[in-house]
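Counting starts at 1 for both ligands and their atoms, following the listed order.
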Amino acid sequence: MAIISPCEPLHPNPHLKTSPLAKKLVRPCLSLHSTMAAPPATAPATARCLSVAKSCWAAERSSSSFVLSAPATGLRQSGSRVLSIRAKVATGLQRACIADDGAERPWKLSDARLVLEDGSVWTAKSFGASGTQVGEVVFNTSLTGYQEILTDPSYAGQFVLMTNPHIGNTGVNPDDEESNQCFLGGLIIRNLSICTSNWRCKETLEKYLIKRNIMGIYDVDTRAITRRLREDGSLIGVLSTDQSLTDNELLEMAQKWKIVGVDLISGVTCDAPYEWSDKTDSEWEFKRDPSSETFHVVAYDFGIKHNILRRLTSYGCKITVVPANWPASEVLNLKPDGVLFSNGPGDPAAVPYAVKTVQEIIGKVPVFGICMGHQLIGQALGGKTFKMKFGHHGGNHPVCDLRSGRVDISAQNHNYAVDPESLPEGAKVTHVNLNDNSCAGLQYSKMKLMSLQYHPESSPGPHDSDTAFGEFIELMKSNRL
Ligand SMILES: NC(=O)CC[C@H](N)C(=O)O
């Protein structure tokens with residue numbers, strides 16, 4: 001995904017990009033937090049407006065003052081005046097730059113609370129839906145891809161806290177959806193970008209969340225919360241914009257709520273089987289040698305991300321997606337070349353029906369498990385899964401393939417892991433997460449199975465591990481011979 005920072009709506013304008021004036025304008029953009037150098041008095045009106053809009057943005061970051069001033073230009077504007085200028089700047093320079101119409105935002109007072117089960121109360125400002133929501137707080141270290149994260153069904157029951165402080169700048173678009181819905185409990189961020197600028201953008205993050213009834217909070221110390229989660233482990237929290245509820249009432253809700261042992265898969269899986277045939281769009285395709293053979297793969301939807309389906313299709317697969325409770329016998333009757341067990345939310349030990357399905361399939365056809373699918377395979381082999389302290393969520397996890405020594409930077413999103421000591425002989429750990437040496441991949445040649453704890457489909461994240469889909473193709477190919 002290409003990113004344009006909120007300071008960059010000027011760039012697509014060829015005049016401003018090359019003119020000496022543009023160079024003068026770009027400098028204050030880049031050092032927005034420290035200097036607010038104003039354009040010369042001779043600068044065109046739009047340039048002066050842009051400077052005011054930036055002052056406005058800087059003021060949002062540093063204070064909640066209602067009256068803003070841009071001293072060097074002598075401009076002193078009321079909030080509404082600045083906002084109307086900002087809207088003109090945003091719509092006037094290029095269409096892709098969408099003015100955020102959360103008009104009162106820079107001056108908004110805290111209207112939301114995040115109460116964690118440890119008793120800490122964090123005041124914040126709300127965006128997206130209002131209400132009260134309970135969930136497990138996890139932090140995600142991805143720098144980009146908040147839309148893919150929002151639509152990853154594996155986040156059901158969780159609040160995602162983005163450690164990257166600047167979110168919303170690329171808006172949202174129809175192509176980056178990883179499922180048809182947002183299943184997560186809410187989004188926690190440091191700064192909500194005041195304007196949205198990306199050529200693919202169709203909507204602001206704020207409007208998108210409101211439409212999907214998802215809560216978001218910003219202006220909260222995400223770094224402090226992350227440090228707390230790293231030290232104390234994942235915590236249950238309650239997000240609320242309801243001022244009638246006391247802190248103690250919210251705390252009680254957090255302390256009573258449970259995520260361990262709950263079947264979250266049944267809330268995110270599809271209702272009926274369907275065929276999938278979309279490849280990765282040719283504009284984004286990076287694998288240029290499609291397979292000449294076609295493979296029929298049945299994919300169990302435990303909360304499947306669309307990019308798993310797109311990547312498999314790009315590798316030459318024809319896919320039938322089935323719901324999580326679809327009988328193994330019906331799947332085997334289809335005589336597929338392979339079966340994929342997808343990612344999915346929650347505790348793998350809370351879905352014995354899915355473990356039983358995996359048990360009935362492994363050994364009969366080649367299988368590939370991704371994340372939840374990997375954990376279910378671990379359980380189906382008689383192994384154990386356990387809850388990690390704070391899990392892995394982000395696009396920067398180094399993973400070593402022990403067979404080759406190759407290290408990939410991977411996309412990860414899980415709170416549970418397979419205990420390799422509990423696995424039977426024959427099941428081999430193929431990958432380890434280099435941050436903590438946890439099991440990141442398995443192979444059991446006799447059973448024709450392979451699995452990864454992380455996300456070869458990325459979305460968001462690096463493409464290093466895309467080759468895993470090729471490995472699955474080879475596994476299916478060798479089974480045909
Ligand atoms: N992405 C996933 O499949 C998540 C797996 C599982 N729900 C976990 O949190 O560990």
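Under a 4.0 Å criterion applied to the non-hydrogen atoms of Asn415, ligand 1 contributes the atoms 8 (C), 9 (O), 10 (O). Atoms of ligand 1 found under 4.0 Å from any heavy atom of Gly346 (numbered from 1 in listed order, with element): 6 (C), 7 (N), 8 (C). Atom numbering of ligand 1 starts at 1 in the shown order; those under 4.0 Å from a heavy atom of Gln375 are 5 (C), 6 (C), 8 (C), 10 (O).
Checked options His397, His414, Gln412; the residue passing with Tyr454 is Gln412 (criterion: side chain to side chain contact (heavy atoms under 4.5 Å, CB included)).
Taking the ring axis of Phe286 as reference, the NZ or CZ atom of Arg311 stays within 45° of it and closer than 6.0 Å to the ring centre.
Separating the CG atom in Leu264 from the CZ atom in Phe302 is a distance of 14.0 Å, to the nearest 0.5 Å.
Contact analysis puts His455 in contact with ligand 1, with a non-hydrogen atom separation below 4.0 angstrom. Not a single heavy atom of Met388 sits under 4.0 Å from any atom of ligand 1.
For atom 1 (N) of ligand 1, the nearest non-hydrogen atom of the protein is Asn413 O, 2.8 Å. Protein heavy atom at the shortest distance from atom 2 (C) of ligand 1 is Cys371 SG, 2.9 Å. Looking from atom 4 (C) of ligand 1 to the surrounding protein, the closest heavy atom is Gly344 O, 3.1 Å.
Proximity of Asn343 to Asn413: side-chain heavy atoms (C-beta onward) are nowhere separated by under 4.5 Å.
By the 4.0 Å N-to-carboxylate-O rule, Arg310 lies too far from Glu285 to be salt-bridged with it. Look at Lys287 and Asp289 and you find a salt bridge, because one of the NZ, NE, NH1 or NH2 atoms lies within 4.0 Å of a carboxylate O, short of that distance. With salt bridges taken as basic N to acidic carboxylate O contacts below 4.0 Å, one links Asp219 and Lys125.
Contacts between Ser154 and ligand 1 below 4.0 angstrom, taking non-hydrogen atoms only, involve the side chain exclusively.
Polar contact check, Tyr416 against ligand 1: a nitrogen or oxygen pair lies under 3.5 Å apart.
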